[in-house]
Amino acid sequence: MSELKFSELNLIPEMQRAIDELGFDCATDIQAEAIPLIREGRDVIGKSQTGTGKTLAFAIPAIEKIDRSEAETTVQTLILCPTRELAQQGCEEIKKLTRFMTDVWVTDVYGGAPMDRQIARLKRCNLVIGTPGRVMDHMRRGTLSLEHVNMVVLDEADEMLSMGFREDIETILKDVPAQRQTVLFSATMPAPILELTEEYLTEPHIIEINREQVTLDNIRQLYVDVPMGRKLDALNLILRAYEPKLCMIFCNTKLMVEEVTQYLSRNGFAAEALHGDLNQSQRTRVMDAFKSARIPLLVATDVAARGIDVNGIDYVINYDVPGHDEYYVHRIGRTGRAGREGTALTICSGRRQYYMIRDLARVAKSEIREVPLPTVKEIREKQREKQRQQLLDAITEGVSQDYQDMVSQMLEAGCDLQMIAAAALQTAFRREELSLQDIQFERRSAGGALYRKLIIGVGRRDGVAPNHIVSAVASAANLPGREIGKIEIYDAQSVVGVPAARADQIVRALKNLKINGHPAPVRLSDEKPEASPRPGARRSGATPIAGRPRREDGGRRDSARPDRSAERANRARPGDGAADAAEPARRGKIRLSESARARLLDASDLSRFEIRKPRESGLKSSRDFHGRKSDARKPRDARGKGKGDRRDRRR
């Protein structure tokens, strides 16, 4: 946070009053650097992460630049955002700044909303904020004119380009007058962004807020290490133990968002999914429920969550380790805002993800501390303490006389007072009893255990990979990933080895199984149980490459195959008729005499390459046409003038 106060920026009175009402005192780093430059009319490129106050950095000078004295209201400022949520939230923030201005009208336009209402608002507005697609729609309809626009802001430009809006952005910028001011804000600066700035910005001033300038002091960064295939069970334990009031759970794909949301719903959590496949009404319903805390858990992808600004998020859980460093900072920036403390917890599975977390910590210049997974015992103790507190509160508030009379009657009937209390507690809290199981890292022996084969009705055509099968089977059957045997994936089905002692139980647990969103019927194979190697280990005597015998010394050829090198060395030289006749021809090779080789290398005589269509009674195949293998090694004088004679073919 910079030491520059908003009162030192010489804001217009209405703007200063709105800033005071919002409770802002000092400007952030990006605001302190960007506002003076944008006021000067210069093109600006701002690179800063989420949660640094970028909206106010461009909104304050954009509002001040609007000519409020014009006779007829026209659109003077255009702000482009990648998502509807960003457009909506940006519009709300700008309206807060203009609440005391009677001659500034702000309108947001985005897809999925009624077009007629947007057209009515566009007739009287001077600042428009919207998505590129809907702005283009209004331009084609003639309901949005950009001929008086003197300032264009591209917010979250990297996301707009990654979502495929580059052509729309270029079309919009070409329609705006050349004498304009262009401001671009982006969390990253990939090559397409630089190309865009070179073409459409004039001598831009670059402002870069480094990661070390983004305060993460209020965010506690943690990670837990879990066995492969047990992430969903680990998430269940984490949510039971920490009990977040408002939590965002990030996944890398839409399919994983749906899978995690369905799992949480089955286990009694109130959770909703947010990804790109939802329409506008669904997204609005989900966001309203999350902002009002009716839904405490929101499972989202990075792109869908871009621009979400919800206060009070106390936990951010990375179910999937983010693939980019920038995404990690964006994710954890959702918590720890407005001076509050927050927690960012990443679920790590496997050595590769551990190294990814270590790299994230190094790039973000922060410590990501490992914490142990909560145990079932700890969760139950916390639950019992919560129940005891509820009973004490009920006693303090007073117990109904009807219940007191019921206890008196049971005592008169000879019931024990302690048993009456225990039965009452069991009746009251039975629904809260959880069927949880601790997650432990287990090592399997190299062999000896018997395994049965499961046949699962999804395969390569459904985009299934071994990690998908391990995760689904382990979580649904409560089976450690290390106990899953060999996995074979075919086009329409997959074969998985599971411990024979639990095979029937596992099949029952995998009823209604879904993998990658596809229904996966499961049945046991009719084959007898057999010993299975550890996953990834090769069975003794297995063939490394299909169709090739294996050598005893580890090679790919059979050691019993005879050595042909001495035989090739003792062969007769070309031209030795007796030797060539005795030696059978080898497939795919033709031995040429010295005279034939000389003729082939003679470039002056090209008549030998003249090829004419053979007679029907002549050669039967192209192989014969180029020379039969039985005659190929014979000297020319031994062949005579038969069908294979080249001179007869030329006639």
Side-chain angles (χ1 to χ4, degrees), residues 1 23-24 28-30 48-56 83 85-86 89 93 156 187 209 211-224 234-235 237-252 257 260-261 264 269-274 286-322 324-348 357 360-361 363-371 374:
M1 185 72 69
F24 297 143
T28 63
D29 296 325
I30 188 68
S48 180
Q49 307 296 333
T50 296
T52 55
K54 290 183 291 182
T55 303
L56 264 65
T83 64
E85 286 75 24
L86 261 179
Q89 295 178 13
E93 293 297 322
E156 303 287 0
I209 306 300
R211 288 187 185 87
E212 54 266 24
Q213 293 178 264
V214 181
T215 176
L216 300 176
D217 297 338
N218 295 333
I219 303 176
R220 186 176 52 147
Q221 301 179 57
L222 311 172
Y223 81 91
V224 293
L235 180 62
L237 294 177
I238 290 169
L239 294 176
R240 301 286 183 190
Y242 293 104
E243 296 182 340
K245 297 179 180 178
L246 213 57
C247 173
M248 289 191 68
I249 303 171
F250 283 96
C251 302
N252 290 343
V257 166
V260 171
T261 306
L264 294 176
F269 294 99
E272 288 286 355
L274 183 69
V286 169
M287 288 308 304
D288 289 345
F290 184 62
K291 289 179 180 179
S292 62
R294 296 196 308 271
I295 299 295
L297 303 179
L298 180 66
V299 189
T301 58
D302 293 284
V303 175
R306 181 66 70 96
I308 293 179
D309 188 9
V310 179
N311 293 324
I313 297 177
D314 53 347
Y315 273 84
V316 169
I317 297 178
N318 296 312
Y319 181 83
D320 290 327
V321 180
H324 302 283
D325 303 335
E326 307 289 348
Y327 284 171
Y328 179 75
V329 180
H330 273 287
R331 289 180 178 184
I332 68 175
R334 311 292 175 185
T335 186
R337 294 188 175 186
R340 301 176 182 175
E341 293 186 355
T343 301
L345 191 146
T346 303
I347 302 177
C348 162
I357 291 178
L360 290 174
V363 172
K365 300 184 185 302
S366 59
E367 180 186 3
I368 305 178
R369 184 167 52 89
E370 182 180 9
V371 293

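When a residue number appears, it is its place in the shown sequence, counting from 1. Not measured: the values here are computed from a predicted model.
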Sorted by chain and number, sequence neighbours left out, side chain to side chain donor-acceptor pair (under 3.5 Å) with Thr343 holds for Arg220
Sorted by chain and number, sequence neighbours left out, side chain to side chain donor-acceptor pair (under 3.5 Å) with Tyr223 holds for Glu370
Contacts of Thr55 meeting side chain to side chain donor-acceptor pair (under 3.5 Å) (sequence neighbours excluded), chain-then-number -> none
By side chain to side chain donor-acceptor pair (under 3.5 Å), Tyr315 pairs with (sequence neighbours left out) none
Q. Going by heavy atoms in the side chains, are Leu56 and Phe24 under 4.5 Å from each other?
A. yes
Query raised in the report: Quick one: does Thr346's side chain get under 4.5 Å of Leu360's, heavy atoms only?
Result: no
- prompt: Is there side-chain contact between Glu156 and Thr83, with at least one heavy-atom pair below 4.5 Å?
  reply: no
For Leu239 and Leu264, run side chain to side chain contact (heavy atoms under 4.5 Å, CB included): C-alpha distance rounded to whole Å, both residues' side-chain angles, the deciding distance at 0.1 Å, then the answer. CA-CA 10 Å; Leu239 294 176; Leu264 294 176; 3.7 Å; yes
Rounding to 0.5 Å, atoms CZ (Arg331) and CG (Asp320) come to a distance of 7.0 Å
Those residues at least two apart in sequence (or on a different chain) that pass side-chain contact (heavy atoms from CB on, under 4.5 Å) with Ala273 are Val257, Glu258, Thr261, His275
d(Ile317 CD1, Cys251 SG) to nearest 0.5 Å is 10.5 Å
ask   = Is the backbone N or O of Asn252 less than 3.5 Å from a side-chain atom of Asp302, with the two atoms forming a donor-acceptor pair by type?
value = no
Donor-acceptor pairs under 3.5 angstrom involving side-chain atoms of residues 241-250: please list them, not counting sequence neighbours.
none

List the atom pairs, with distances to 0.1 Å, where a side-chain N or O of residues 288-296 and a protein N or O form a donor-acceptor pair under 3.5 Å, not counting sequence neighbours.
unit_1: Ser292; atom_1: OG; unit_2: Asp288; atom_2: O; d: 2.9
unit_1: Ser292; atom_1: OG; unit_2: Ala289; atom_2: O; d: 3.2
unit_1: Ser292; atom_1: OG; unit_2: Arg294; atom_2: NH1; d: 2.9

